[in-house]
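These notes concern the structure reproduced below.
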Amino acid sequence: MSPTIISTAFALLGLLSGVLGDSLTVLRSPPYVTFQDGQWAISGEKVPDLVALTMGFSIREDLDWPGLAAGSLFQRPRANALIVVRGLDTLDFPKNISSYPLENPVPFTLDSVANKVHTLFAGSTPVVLQLAPSEERLYMMGMANTVFEDLPVTLQQIRGRLSQDGSVLTSLPLISLSRNNEADLLFLSEVQVLYDISALLQKHKHLAKDPAPDLYSLELAGLEEIVRRYGTDSPQYADATRILTSALQKFADDVSSVYANNAVVEVVTVKTFEAPLTRKSRSILQISNQGSLYNLAYKYDYDYAVVFNIVLWLMIVLALSVVVISYNLWNMDPGYDSIIYRMTNQKIRMD
């Protein structure tokens with residue numbers, strides 16, 4: 001076999017692995033947040049760091065990933081929306097958007113980014129909205145409480161929304177999907193949440209004018225139930241992927257429109273999350289009370305080394321300054337080095 005054929009085969013395998021594997025797709029981004037074209041893989045555990053960098057926040061460890069270029073120091077996005085879709089490798093989005101392979105798809109949350117938003121903008125009214133099928137959570141502050149107070153949070157509330165007026169059951173072409181099946185209702189209820197969030201943002205555009213950035217994190221597992229019930233070769237799966245692709249594109253357009261093209265919208269598609277391999281051990285940062293069974297130390301802050309070095313070298317400099325000043329004072333000649341004694345000696349001679 002010739003070397004040309006071998007290299008072509010490896011190139012095709014690499015292309016297929018990048019297309020068919022789990023992916024991170026950037027649907028919308030402002031002009032000052034640049035994503036490079038290429039098939040650079042990013043680890044699932046690094047996605048929160050990527051979101052933090054796109055919002056202009058600092059991270060503890062450098063993100064060694066060339067897909068995100070250095071952005072502007074004077075502009076930051078007004079919002080970031082991350083949607084995680086479980087049950088498939090990739091969606092049929094347009095070819096002109098940035099998409100990257102996702103490796104090591106372990107479960108992750110944006111709690112660290114949410115904490116940064118709440119800490120840095122505690123005096124403002126940021127919208128921090130996080131919804132997941134396993135942990136129904138809705139974090140809001142200030143004006144966001146009144147805007148999203150009617151948004152269904154639990155699975156029971158979301159399914160109840162489908163029976164109300166203006167639901168997706170009356171506006172979307174369901175075709176093979178049925179409103180009588182549990183898996184279909186779960187999928188459609190999550191699509192309903194996307195439409196409701198878009199409608200609320202369109203109605204309350206004043207949220208985008210707040211100085212604090214907003215964060216939206218949604219995890220959709222309805223398509224995973226469709227695959228589990230019907231399989232990937234079923235017409236239900238084909239109709240569900242078509243509906244979800246259209247809903248995600250509409251959601252991205254609405255969010256970008258509300259925030260005047262100052263929002264980043266990413267979609268992470270994973271067929272299944274991998275359980276991270278962990279080894280139970282005692283952490284050096286573990287908190288413990290005095291007199292505990294294992295006599296563990298108190299928790300150290302991450303800035304402990306910085307503060308320790310500042311205090312250490314400041315004390316060394318002060319100690320050396322005291323030694324130098326004391327030495328000079330000890331060896332000083334009062335008759336020549338002191339203006340007081342010099343004036344006194346002149347006065348004595350004059351007298």
Side-chain angles (χ1 to χ4, degrees), residues 18 21-26 29-30 32-77 79-84 98-122 126 128 130 132 135 139 212-217 219 263-270 273-287 296-313:
D22 301 331
S23 62
L24 167 69
T25 305
V26 183
S29 64
Y32 47 85
V33 179
T34 305
F35 287 89
Q36 306 285 353
D37 294 332
Q39 289 296 317
W40 297 291
I42 182 172
S43 178
E45 59 187 7
K46 295 297 183 180
V47 172
D49 291 341
L50 175 63
V51 174
L53 288 177
T54 57
M55 298 184 71
F57 299 145
S58 61
I59 57 178
R60 297 193 178 278
E61 297 181 1
D62 294 336
L63 181 63
D64 188 14
W65 186 65
L68 180 63
S72 174
L73 296 177
F74 306 101
Q75 288 181 303
R76 69 170 63 197
N80 191 294
L82 176 68
I83 302 98
V84 179
S98 301
S99 183
Y100 308 95
L102 184 71
E103 61 182 10
N104 190 24
V106 296
F108 60 87
T109 64
L110 299 185
D111 291 343
S112 59
V113 185
N115 293 334
K116 287 182 179 292
V117 173
H118 287 310
T119 302
L120 298 177
F121 301 92
V128 179
Q130 295 179 275
E135 300 179 7
Y139 297 156
D214 301 332
L215 179 66
Y216 302 89
S217 176
E219 183 177 341
V264 181
V265 182
E266 306 106 333
V267 175
V268 173
T269 54
V270 291
F273 276 119
E274 298 178 0
L277 299 177
T278 59
R279 178 171 57 90
K280 292 184 179 180
S281 61
R282 191 181 73 176
S283 173
I284 61 174
L285 302 179
Q286 189 173 356
I287 303 176
L296 300 180
Y298 288 105
K299 179 180 179 180
Y300 282 98
D301 189 78
Y302 285 101
D303 297 330
Y304 173 80
V306 178
V307 176
F308 177 81
N309 277 274
I310 292 176
V311 175
L312 173 64
W313 293 107

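Every value quoted in this text rests on a predicted model; they were computed, and no experiment measured them.
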Note to self: Quick test of your reading: applying ring-ring contact (aromatic ring centres under 6.0 Å, His included), list the pairs with at least one residue in residues 33-58, sequence neighbours left out, ordered by first then second residue.
What the structure shows: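 Checked against ring-ring contact (aromatic ring centres under 6.0 Å, His included) - neighbours excluded - no pair reaches residues 33-58.
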
Notebook entry, point to check: Do V265 and V26 come close enough that some side-chain heavy atom pair is under 4.5 Å?
Noted result: no

Next item on the list: State, yes or no, whether a side-chain contact exists between M55 and L215 at a heavy-atom distance under 4.5 Å.
Entry: yes

Margin query: If the condition is side-chain hydrogen bond (donor to acceptor under 3.5 Å, both in side chains), which residues does T269 pass it with, not counting sequence neighbours?
Written below: S23

Next item on the list: Not counting sequence neighbours, which residues clear side-chain hydrogen bond (donor to acceptor under 3.5 Å, both in side chains) with N80? List them please.
Entry: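 Partners of N80 by the side-chain hydrogen bond (donor to acceptor under 3.5 Å, both in side chains) criterion, ordered by chain and then number, come out as T54, E266.
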
Check: Can you list every salt bridge (charged side-chain N to carboxylate O under 4.0 Å, His left out) pair that touches residues 62-76, not counting sequence neighbours?
Finding: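 Residue pairs with at least one partner in residues 62-76: there are none.
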
Margin query: The criterion is ring-ring contact (aromatic ring centres under 6.0 Å, His included); which residues satisfy it with W65, sequence neighbours excluded?
Written below: Y100

Notebook entry, point to check: Do K46 and E61 meet the salt-bridge criterion of a basic N to acidic O distance under 4.0 Å?
Noted result: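 Yes, charged N to carboxylate O under 4.0 Å.
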
Notebook entry, point to check: Considering residues at least two apart in sequence or located in another chain, which fulfil the salt bridge (Lys or Arg N to Asp or Glu O under 4.0 Å) criterion with K116?
Noted result: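 Testing K116 for salt bridge (Lys or Arg N to Asp or Glu O under 4.0 Å), a comparison that skips the adjacent residues, returns none.
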
Side chain to side chain contact (heavy atoms under 4.5 Å, CB included) with [X]: which residues, sequence neighbours excluded?
X: L102; value: D22, I42, V47, P105, V268, V270
X: F308; value: Y304, L312
X: P30; value: Y32, V33, P77, N262, V264
X: A79; value: D214, Y216, Y259, A263

